[in-house]
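What follows is a single structure, and I will ask about it in a moment.
Just so you know, these numbers use all the heavy atoms, side chains as well, and skip hydrogens, waters and symmetry mates.
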Amino acid sequence: MAEQLKSRRVILKEYVEGYPQEEHMEFLPAADVDQAAAAEDGSVLVKNLYLSCDPYMRPKMSRPLGQSSYTSAFVPGSAITGYGVSQVVRSSLPGLAPGDLVRGITGWEDYSVIKPPFTGLLAKIRPGHGVPLSYYTGILGMPGLTAYVGFHHICSPKAGETVFVSAASGAVGQLVGQFARLAGCRVVGSAGSDEKVELLKTKFGFHDAFNYKAEDGDLAGALKQRFPEGIDVYFENVGGKMLEAVLLNMKTHGRIAVCGLISQYNLTPGEKESGAGVRNLECLVTKRIRMQGFIEPDHKHVYPEYEAWVEPHIREGRVVYVEDVAEGLEAAPKALIGLFHGRNVGKQVVSIATQAA
């Protein structure tokens, strides 16, 4: 008789308004895993090894208000879900066998039963790449493809152009900066601490960087100082006041890829209603700027192209990646909350188990 597996999990207790707190989540003790569910056609039972903490998870913690979204809200009382790296324990899905390593959407729990349609998002990890498995939550996962598509496909950079990246030390931003440097562009990043600014310049090769919190609110002036002739490409992760300042400093025919708007995610409904909205949008017309939002799921087909492009750069040290690894499933709530306060340095990952031999 098969061993009865037990699984701890992290659930969302209630919907969130404003900044989330650890108290909005709950760490539940181990309970029996429903292994019979994994026997259903097309289902997979996995042991989770690494969990990814990402900014897009914050809107999923809010009560659905009827507006359209590309992703559904978490369900209070159920395990939080997100990107992760897992090892297959049992599979009723052709192409996956016990022992296989996969990346995709999984639960914040020790073991997850993944069913269609989410099994369609699982991708087998090919062995022998010589990189940490955690990289498949980052540079070789959703953030990496996001950086590649946003910068290369949407912004269409040319050598010699100027590039600005906000939230530049995060999972996506650190890669965009390095991709820009490899493309022959001059790249500047912003971050929320002097430590992160130093990392951008010394580790990731940004030509310049600044701490936006130290600019006395004059973000437009900070950008003007570093881009006296204007910005060709802006990789947007923040929104709000930063976007307003960038619009004033964009060049004619500049391009903006909107990856995220983290400054807006923790606003209460009342704050959103009372806000004045983004100013300086007239610059889109007067400067003929192209501004495009995008999400990684629309571009899954690009992954083989991206993987083939980035792997030699990783192997030969031209692209590096910094992770902030929290240890243990019980550490996941604090790690996720830290994203929205800028506590992480690099890609936030939670390590919860080791790969079975």
Side-chain angles (χ1 to χ4, degrees), residues 16-20 52-74 82-83 142-143 145-147 149-151 154-155 163-177 189-192 196 212-213 215 217 219-220 222-223 231 233-250 254-284 289-299 336-344 347-348:
V16 178
E17 287 190 6
Y19 276 88
S52 178
C53 296
D54 297 294
Y56 83 90
M57 298 171 75
R58 170 59 189 89
K60 292 171 69 68
M61 301 173 81
S62 297
R63 185 182 304 279
L65 297 176
Q67 67 265 42
S68 61
S69 175
Y70 69 92
T71 185
S72 58
F74 295 137
Y83 287 95
M142 180 273 290
L145 182 57
T146 298
V149 167
F151 183 64
I154 292 177
C155 291
V163 176
F164 176 54
V165 186
S166 57
S169 67
V172 175
Q174 60 174 286
L175 293 175
V176 176
S190 66
K196 292 179 180 180
Y212 71 88
K213 295 178 181 177
E215 297 296 335
L219 297 176
L223 291 170
I231 301 167
V233 169
Y234 173 42
F235 198 97
E236 167 69 296
N237 290 308
V238 173
K241 299 296 182 183
M242 185 63 80
L243 177 57
E244 293 179 354
V246 167
L247 288 169
L248 292 175
N249 283 277
M250 290 295 293
R255 290 89 70 204
I256 300 175
V258 184
C259 171
L261 301 166
I262 197 169
S263 71
Q264 310 298 298
Y265 294 163
N266 296 301
L267 297 178
T268 66
E271 288 171 330
K272 291 179 180 179
E273 288 293 327
S274 62
V278 176
R279 296 173 296 181
N280 306 326
L281 288 176
E282 69 276 5
C283 294
L284 294 174
I289 297 167
R290 177 165 57 84
M291 182 173 175
Q292 180 179 337
F294 72 103
I295 58 172
E296 182 264 357
D298 289 344
H299 302 274
L336 179 59
I337 299 305
L339 280 182
F340 307 109
H341 297 277
R343 292 198 290 259
N344 61 300
K347 166 64 184 167
Q348 185 66 69

(request) Could you verify whether a donor N or O on one side chain and an acceptor N or O on the other, from Lys241 and Ser263, lie under 3.5 Å apart? (result) no
(message) Below 30° counts as parallel, above 60° as perpendicular, anything between as tilted: where do the rings of Phe294 and His299 land?
(response) perpendicular
(request) Drop me the distance from Phe235's CZ to Thr146's OG1, to the nearest 0.5 angstrom. (result) 7.0 Å
(request) State, to 0.1 Å, how close Arg343 and Ile337 come at their nearest heavy-atom pair, and which atoms those are. (result) NH2-CG2, 3.8 Å
(message) Does any part of the side chain of Met61, heavy atoms only, come nearer than 4.5 Å to the side chain of Tyr265, both counted from C-beta?
(response) no
(message) With a 4.5 Å cut-off on side-chain heavy atoms, are Met291 and Leu243 touching?
(response) yes
(message) How close do Glu244 and Asn280 get, counting heavy atoms only, and between which atoms?
(response) O-ND2, 2.9 Å
(message) Does Ile262 form a side-chain contact (heavy atoms from CB on, under 4.5 Å) with Phe340? I'd like the steps, not just the answer.
(response) CA-CA 8 Å; Ile262 197 169; Phe340 307 109; 4.1 Å; yes
(message) Please check this pair: side chain of Glu236 against backbone of Val238, looking for a donor-acceptor N/O pair closer than 3.5 Å.
(response) yes
(message) What's the separation between atom CE in Met142 and atom OG in Ser52, rounded to the nearest 0.5 Å?
(response) 5.5 Å
(message) Are the side chains of Val233 and Phe151 in contact, using a 4.5 Å heavy-atom criterion?
(response) yes
(request) Side-chain contact test, heavy atoms from C-beta onward, threshold under 4.5 Å: evaluate it for Tyr234 versus Ile289 and give yes or no. (result) no
(request) Mind checking the CD1-CD1 spacing from Ile256 to Ile231? Nearest 0.5 Å is all I need. (result) 8.5 Å
(request) Indicate yes or no for a side-chain donor-acceptor contact from Arg290 to the backbone of Ile154 under 3.5 Å, with no hydrogens or angles considered. (result) yes
(message) So which atom in Gly150 and which in Ala257 form the shortest heavy-atom distance, rounded to 0.1 Å?
(response) O-CB, 3.6 Å
(request) Give a yes or no on whether the backbone of Asn237 and the side-chain of Ser166 come within a donor-acceptor separation of less than 3.5 Å. (result) yes
(message) Show the nearest heavy-atom pair for residues Val165 and Val163, with the distance to one decimal.
(response) CG2-CG1, 4.1 Å
(request) Please confirm whether the backbone N or O of Gly170 pairs with a side-chain atom of Lys347, one donor and one acceptor, at under 3.5 Å? (result) no
(request) Report yes or no: do Glu296 and Tyr56 form a side-chain donor-acceptor pair below 3.5 Å? (result) no
(message) Ignoring hydrogens, what is the shortest heavy-atom contact between Asn344 and Gly338? Give both atom names and the distance.
(response) OD1-O, 3.9 Å
(message) Nearest 0.5 Å, please: how far is CG in Leu247 from CZ in Arg279?
(response) 11.5 Å
(request) Kindly give the heavy-atom pair with the smallest separation between Met57 and Gly82, and that separation in Å. (result) CE-CA, 4.5 Å
(request) Look only at the side chain of Lys196 and the backbone of Ala168, and say whether a donor-acceptor pair between them is shorter than 3.5 Å. (result) no
(message) Looking at Glu17 and Thr268, would you say the former's side chain and the latter's main chain have a donor-acceptor pair under 3.5 Å?
(response) no
(message) Counting C-beta onward and ignoring hydrogens, is there a side-chain heavy-atom pair between Cys283 and Met250 closer than 4.5 Å?
(response) no
(message) Let me confirm one number: the CG-CZ distance from Asp54 to Arg58, rounded to the nearest 0.5 Å.
(response) 15.0 Å
